[in-house]
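Everything below concerns the one structure shown next.
Reminder, nothing fancy here: chain letters follow the sequence lines and each chain counts from 1. Only heavy atoms go into these numbers, but all of them, side chains included; no hydrogens, no water, no symmetry mates.
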2 protein chains.
Amino acid sequence: MADLTLEDIAKQAGVSRSTVSRVVNNHPNVSDKVRKRVLEVIESTGYHPNIAARTLASQRSMMIGLVVPRSVSSFFTDPYLPHLTQGIAKRCNQHNYTLGLFLVGTKEDEEKILPRVSRSGLFDGVLVQAGHRGDQVIDRLVQSTIPLVMVGRPFNPEGISYIDVDNIEGAFKAVDHLIQLGYQRIGTITGITKSTVGVDRLEGYRKALTERGRVVDDTLVEEGVFTEEGGYHAMQRLLPAKPDAIFAASDIMAVGAIRAAQEADLRIPDDIAFVGFDDIPLANHRYPKLTTIRQPVYQFGFSAVETLIDLIENGKEPTRHVMMGTELIIRDTCGASRRK
Amino acid sequence: MADLTLEDIAKQAGVSRSTVSRVVNNHPNVSDKVRKRVLEVIESTGYHPNIAARTLASQRSMMIGLVVPRSVSSFFTDPYLPHLTQGIAKRCNQHNYTLGLFLVGTKEDEEKILPRVSRSGLFDGVLVQAGHRGDQVIDRLVQSTIPLVMVGRPFNPEGISYIDVDNIEGAFKAVDHLIQLGYQRIGTITGITKSTVGVDRLEGYRKALTERGRVVDDTLVEEGVFTEEGGYHAMQRLLPAKPDAIFAASDIMAVGAIRAAQEADLRIPDDIAFVGFDDIPLANHRYPKLTTIRQPVYQFGFSAVETLIDLIENGKEPTRHVMMGTELIIRDTCGASRRK
DNA sequence: AAAATTTGTGGGAGCGCTCTCAATAATCAG
DNA sequence: CTGATTATTGAGAGCGCTCCCACAAATTTT
């Protein structure tokens, strides 16, 4: 069954290997009669071309790799990556590409994964999730010659194609919303500023305050890692500065921050308001419901795959940059309904 | 760089292609002198073997596929699968296997994925997450000749290797814990009973009650899908029966159930106690903290990969069944500390 | 009606590797 | 020191496919 070859099909259909190949690959210049006959044989035998042979002969594997660098540690604590992966897998399948998954956990993983991804010829291209500044995996992958698209903007984007969400604009919307609601001491829990996401969302925060004539008070800015604990601890550090509203750079951090606020007996949103970023399912499944900035993660995956395939099939120049928009989702934690 | 071949290395090292192949594959019977020389050339050129060619010649791809069927819809709402995937990816890498990811979303996905996984020769084996009874993907994959390991017990396990967590025992522990704490009206929110997980956890619930001389009251049993909403709605249906404790078949459902209880102004654990299943990170990051049954998801992934590789390398007979244990994690929602 | 073009089909040379087998070199026993 | 054994190396035949080229058949042009 699995060991049928083109030759076998050719023999059964009474044609040559070449003709069967043409039929399988939908090439023109095959008469309808022959095509039909070959198709019937293929159908009845359950033949499926051997991918390794095809890859070797055509120098195209129809496989792309998704590499998640070591500095992206939150593969399963934050739904972002699973969601993204799902979008990527979906689109790959639609384009008949197979997806290889590489989660880099350790230095050893890195040493094994890198050559396999970039020099084994197994992958036509690679998608890399952006991580921290100076992450080895990213740098080394970028230096290789394999077509590559980054998911998230790298610090040094020269010559690199990437897709990104407009984090500055998203953060701006979140903070501006809080300003419009009349909050006076708006703090922020930034993500790791070793990542462009962290940097950009902080910049959006700053920009909103500045454009509305506010002064940025550094005692209201705390950095955290992108996890629940990160938000929790950052909030604890922020509490003495008595903020009346917080923009957290991710929903997961917002959840942690809210926990810290609740433990300090603050009511939400009466004593302190929150806006997150991401719109993870949990945001709508907790009490009180989280006001947040929605980013189109699934479409992000789609777009990444499209961009990469375009790169693979139409050459690496010029580099492509895709920027996606965000949306403010107003729920309970910002206190909008109360202040109306 | 990527287009170096064995032949090139052989020429540079002044030996034959065969010898270089032996060195690359760590075969014995190569003199130290020659091996060293070849290794140096490989090192200095950055040569990496072409995987497609190797696969074609050796009939082994060193790739395994992970297939998540359509009936497992919760790829990103529940951290279970991401966590499992991480364990699988880790172990694959340690064994120098590459992981292909297939998330089946639609019927069309299924038609494309199945032949590619089972008949293209690209994969040496496949891991399949268990889903609902009668899921086409599972049935069809099982019928193919490719080495296969199910993650989670299938309904019809004859001739199928699988690994599973002891769900009956886990549920038993959870419910027995509630019984020991003196709760009288212990209800359960079962998962979908079209899955063995759902069935087994319900059985553990029944077994615990029966063994402790209790009667199973069907008005205290509600089925839900394995999501937050599933738990929420099931809890709403359960409320009129006035349970004083609930065993939810997953943490995510427990979270939803707690939300429903809180909306009904019940205090936890004073008015109603909860025990979940899974021990997802959130269980420890919410207030009150969730008492739950921990299953070793990461090790689950490890074990699945080990079992599959064993199958690939040592033949398909006999079928392997691996059962993993669980652990009761006592936190706040069961009221244990209060009742001490 | 012959020549030129346009299909449609088959043959053959790889793609880069593995693996068996034969050949040679090195080692050993008697 | 010779014949036998063993360690080391090379040659060659594929693995199953693609793709270029040549040829034959059908169609069009002059």
Side-chain angles (χ1 to χ4, degrees), chain A residues 1-39 41-42 45-63 96 98 115-116 119-124, chain B residues 1-39 41-42 45-63 96 98 115-116 119-124:
Chain A
M1 187 175 191
D3 37 17
L4 279 169
T5 72
L6 263 194
E7 203 81 48
D8 299 328
I9 305 300
K11 208 164 289 168
Q12 285 195 44
V15 294
S16 75
R17 198 179 60 242
S18 308
T19 301
V20 180
S21 173
R22 281 184 200 103
V23 172
V24 169
N25 295 293
N26 257 309
H27 282 302
N29 295 343
V30 179
S31 69
D32 288 349
K33 196 178 56 198
V34 172
R35 166 166 274 129
K36 186 159 164 290
R37 181 149 39 95
V38 172
L39 246 20
V41 176
I42 289 175
T45 53
Y47 166 79
H48 193 273
N50 180 299
I51 303 221
R54 171 180 280 182
T55 300
L56 183 58
S58 69
Q59 304 291 54
R60 290 271 269 101
S61 68
M62 296 300 282
M63 292 188 64
N96 295 311
T98 297
R116 219 183 307 161
R119 290 201 267 102
S120 69
L122 229 206
F123 294 94
D124 290 339
Chain B
M1 185 175 194
D3 38 15
L4 279 169
T5 73
L6 262 195
E7 203 81 48
D8 298 329
I9 305 300
K11 209 164 289 168
Q12 285 195 45
V15 295
S16 75
R17 197 178 60 242
S18 308
T19 301
V20 180
S21 173
R22 283 186 197 99
V23 172
V24 170
N25 294 294
N26 256 310
H27 282 302
N29 296 341
V30 178
S31 69
D32 288 350
K33 196 178 57 198
V34 171
R35 166 166 273 127
K36 186 159 164 291
R37 182 150 37 95
V38 172
L39 246 19
V41 175
I42 289 176
T45 54
Y47 167 78
H48 192 273
N50 179 298
I51 303 222
R54 171 180 280 183
T55 300
L56 182 58
S58 68
Q59 303 290 53
R60 291 271 270 102
S61 68
M62 297 298 283
M63 293 189 63
N96 294 313
T98 296
R116 221 185 304 164
R119 291 199 268 101
S120 69
L122 228 206
F123 294 94
D124 290 339

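- Under the rule for a side chain to side chain donor-acceptor pair (under 3.5 Å), the partners of B:T19 that lie at least two apart in sequence or sit in another chain are B:S16.
- Rounded to whole Å, atom C1' of D:dC17 lies 15 Å from atom CE of A:M62.
- Put simply, the side chain of B:S31 and the base of D:dA7 share no donor and acceptor less than 3.5 Å apart.
- In this structure, B:T5 reaches the sugar-phosphate backbone alone: every heavy-atom distance under 4.0 Å involves primed, P, OP1 or OP2 atoms, never a base.
- Within the 4.0 angstrom heavy-atom criterion, no nucleotide atom of any strand lies near B:P28.
- A 4.5 Å side-chain heavy-atom check between A:V24 and A:R54 finds at least one atom pair inside the cut-off.
- Taking atom NZ of B:K36 as the reference point, atom C1' of D:dT8 lies 18 Å away to the nearest angstrom.
- Bracketed by its first and final contacts, the part of DNA chain C lying under 4.0 Å from non-hydrogen atoms of chain A reaches from C:dT7 to C:dG16 in 5' to 3' order.
- Straight-line distance from the NE2 atom of A:H27 to the P atom of D:dT18: 7 Å, rounded to whole Å.
- Using a 4.5 Å heavy-atom cutoff, the side chains of A:R119 and B:L4 are not in contact.
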Which side-chain N or O atoms in residues 27-35 of chain A pair as donor and acceptor under 3.5 Å with protein atoms at least two apart or in another chain?
residue : atom : partner : partner atom : Å
A:S31   : OG   : A:V34   : N            : 3.4
A:R35   : NH2  : A:H27   : O            : 2.6

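- At a cut-off of 3.5 angstrom, counting only N and O atoms as typed in the model, there is a donor on one side and an acceptor on the other between the side-chain of A:R17 and the base of D:dT18.
- Counting only heavy atoms from C-beta outward, the side chains of A:I51 and A:M63 never approach each other to under 4.5 Å.
- Each of A:L6 and A:R22 was matched to the nucleotide of DNA chain D holding its nearest heavy atom; the match closer to the 5' end belongs to A:L6.
- One finds a side-chain N or O of A:S21 lying less than 4.0 angstrom from the OP1 or OP2 phosphate oxygen of D:dT18.
- The phosphate of D:dT18 has neither OP1 nor OP2 within less than 4.0 Å of any side-chain N or O from A:S58.
- Summarising the geometry, the separation between CD on B:E7 and C1' on D:dG12 is reported as 12 Å, rounded to the nearest angstrom.
- For the pair B:A57 and A:N29, nearest-nucleotide mapping onto DNA chain C gives the more 5' position to A:N29.
- No side-chain heavy atom of B:Y47 sits less than 4.5 Å from a side-chain heavy atom of B:D8.
- Contacts of B:N50 with the nucleic acid, taken as non-hydrogen atoms under 4.0 Å apart, involve only primed sugar atoms and P, OP1 or OP2.
- Residues A:T5 and A:N50 fail the side-chain proximity criterion, which asks for heavy atoms closer than 4.5 Å.
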